[in-house]
2 protein chains.
Amino acid sequence: MDAVPLLRISRPHRLSEEVGAVLEKHIRSGEFGPGEKLPAEARLAEQFAVSRAVVREAIARLKADGLLESRQGSGVYVAQCLGAGVFRMAAGVRGEAHPIEDIFELRLIIEVAAAERAALRRTPADVEAIEAALARMDEAVALSADGVRADDDFHCAIASASGNPLIGRFVAFVSHEFSASRAPTWSREGIVRGLAGAAQDEHRAVHAAIVAGDPAAARRAARQHLLRAARRLGVVLAAPPGARGEDMDEETS
Amino acid sequence: MDAVPLLRISRPHRLSEEVGAVLEKHIRSGEFGPGEKLPAEARLAEQFAVSRAVVREAIARLKADGLLESRQGSGVYVAQCLGAGVFRMAAGVRGEAHPIEDIFELRLIIEVAAAERAALRRTPADVEAIEAALARMDEAVALSADGVRADDDFHCAIASASGNPLIGRFVAFVSHEFSASRAPTWSREGIVRGLAGAAQDEHRAVHAAIVAGDPAAARRAARQHLLRAARRLGVVLAAPPGARGEDMDEETS
DNA sequence: TTATATTTGTCCGTATGTATA
DNA sequence: CTATACATACGGACAAATATA
């Protein structure tokens, strides 16, 4: 019976998010330069016509994003280096998403390198985790169940086996951004059409190379898996590097 | 005149940060599973012996980090995928920093690939930006001034020339985390000792390869620059991949 | 469908510790 | 040292959305 909530233009849902978005815009546009002091919370509150609690929550988010710093008794200041220490897929909170090709290329770069290093440094525990994910995907294929989660875990386990926690965490980060697009492979139709089975064959090749401790084979297997996964998804990678065999890295210094 | 506030949680500086750190620990340890509902704000407030505003600010930070979601009238819930969309160098706010070797290895992986793609896809504007940074570093060497910023910009310009905005933004992110450790090269002693000059020679090699459109040469030059930069900093990379020439990527399918 | 309780979102007022002039 | 400005923290209160009976 209430009137339609159309008139709340600047109020999608969260007031603090609105304030935060406006402040972020002002900061990124340089209106508030690095190191510069923001107006007092009370000032901002009356300027935005909201309470100080709302302003404080907006500031809390921007502090978490590394855009602001607050010093008690002094004020709130813009960070010298915006967003240091934080990397977001979508630049702004409401930023546009990156095209799937770009995400895929980044995955290719980092995961191929991760597989190579996993072949060199894997521990028995790493191999165990990789094989556990592999087994769960086998189950998923047999039962026509969802194997996206296990697929994610497989790639993350390999990255973790690289021995570099940063690589492990970054692959986990990128992998999740990608997992939605990986769903078709594990849909019932995907499994019936043999997409999941093909992916499993490629997974096994990567696993074998890592267990064998062959970094070159691990690179090839990981690369082939990702390229074929791209084809299964209909993703065309711009100017596939290495296509003409120029992906050699080192001439022994 | 009041009694000492000993019974509170440890109170180094920010109360909301303390609460946020404790909550984050509980979430990441799985004590609060994905999708699970947290106790009400009022409940948490009395449990931590703080006001609700403090709890709300802590929750605001965790929401910004993608660990929590709040629904008005319902409650606060743990995100299904923790930290989706956000990558931090230091996992928690109080998390330990990653060793310089790990950061360096990730840089090596991503920047070598970026240089290769820059050689394939660079635009005239990209080349302009790269050369501008190069010129500013020349100035810095001549004047014994600080060239860290220009050095940062050089690497970021190359990554941007890769044509993949994701790579550009990620290199900018990693590069900044690293720039502090790069300072010695551009200190007055570093310049006098010729460290900066050596780095410039390597920079020029990368630039030449990119301008020439030679991806393999770009890879080699970028790799050599980063490896030598590591040696200048005294960083030893564990099991340098490609040292035995096994970094080939593709056998043309 | 209606009514009620719960919970988050928002606002106000106040007190305290800190930094700065 | 004093005074002012400010962030931090506390408590109470109501509105709005949700969940439940």
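So that the names make sense, note that chain A is the first sequence line, chain B the second, and so on, each numbered from 1.
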Nearest to the A:Val54 side chain among D:dA7, C:dT10, C:dT8, which nucleotide is it? C:dT10

Nearest to the side chain of B:Leu15, which nucleotide is it out of C:dT8, D:dA9, D:dA7? D:dA9

Could I get the full list of side-chain contact (heavy atoms from CB on, under 4.5 Å) partners for [X], not counting sequence neighbours?
X	result
A:Glu131	A:Val127, A:His207, A:Val211
A:Glu69	A:Arg71, A:Ala79, A:Gln80
A:Ala129	A:Ala157

Nearest whole Å is fine: how far is [N] [atom2] from [X] [atom1]?
X	N	atom1	atom2	result
A:Glu17	C:dT10	CD	C1'	14 Å
A:Arg56	C:dT14	CZ	C1'	14 Å
B:Glu18	D:dT8	CD	C1'	14 Å
B:Glu69	C:dG9	CD	C1'	17 Å
B:Glu57	C:dT8	CD	P	16 Å

C:dT7 phosphate, OP1 or OP2: any side-chain N/O from B:Ser70 under 4.0 angstrom? no

Gap separating the CZ atom of A:Arg88 from the CZ atom of B:Arg88, nearest 0.5 angstrom: 8.5 Å

Without placing hydrogens or testing angles, list every side-chain donor-acceptor pair under 3.5 Å for residues 158-168 of chain B, not counting sequence neighbours.
{"from": "B:Ser162", "atom 1": "OG", "to": "B:Ala159", "atom 2": "O", "distance (Å)": "2.5"}
{"from": "B:Ser162", "atom 1": "OG", "to": "B:Asn164", "atom 2": "N", "distance (Å)": "3.3"}
{"from": "B:Asn164", "atom 1": "OD1", "to": "B:Leu166", "atom 2": "N", "distance (Å)": "3.0"}
{"from": "B:Asn164", "atom 1": "ND2", "to": "A:Asp102", "atom 2": "O", "distance (Å)": "3.0"}
{"from": "B:Asn164", "atom 1": "ND2", "to": "A:Glu105", "atom 2": "OE1", "distance (Å)": "2.9"}

Please enumerate all residues that pass side chain to side chain donor-acceptor pair (under 3.5 Å) together with A:Ser144, with sequence neighbours excluded. none

My understanding is that only residues two or more places apart in sequence, or in another chain, count here; which of them pass side chain to side chain donor-acceptor pair (under 3.5 Å) with B:Ser175? B:Asp152, B:Arg182

Sorted by number, the residues of residues 31-40 of chain B with heavy-atom contact under 4.0 Å to DNA chain C: B:Ala40

Any side-chain hydrogen bond (donor to acceptor under 3.5 Å, both in side chains) involving residues 45-55 of chain A? Give me the pairs, sequence neighbours left out, ordered by first then second residue. A:Glu41-A:Arg52

Salt bridge or not between B:Glu17 and B:Arg61? Use side-chain N to carboxylate O under 4.0 Å. no

Which residue pairs pass the ring-ring contact (aromatic ring centres under 6.0 Å, His included) test with at least one member in residues 150-169 of chain B, sequence neighbours excluded? B:Phe154-B:His203, B:His155-B:His203, B:His155-B:His225

Those residues at least two apart in sequence (or on a different chain) that pass ring pair (Phe, Tyr, Trp, His ring centres under 6.0 Å) with B:Phe87 are A:Phe170, A:Phe173

Going by heavy atoms closer than 4.0 Å, what residues in residues 41-52 of chain A are next to DNA chain D? A:Glu41, A:Arg43, A:Arg52

Could you write out each protein N or O paired with an N or O of nucleotides 18-21 of chain D at a distance under 3.5 Å?
{"from": "D:dT18", "atom 1": "O4'", "to": "B:Gln72", "atom 2": "O", "distance (Å)": "3.4"}

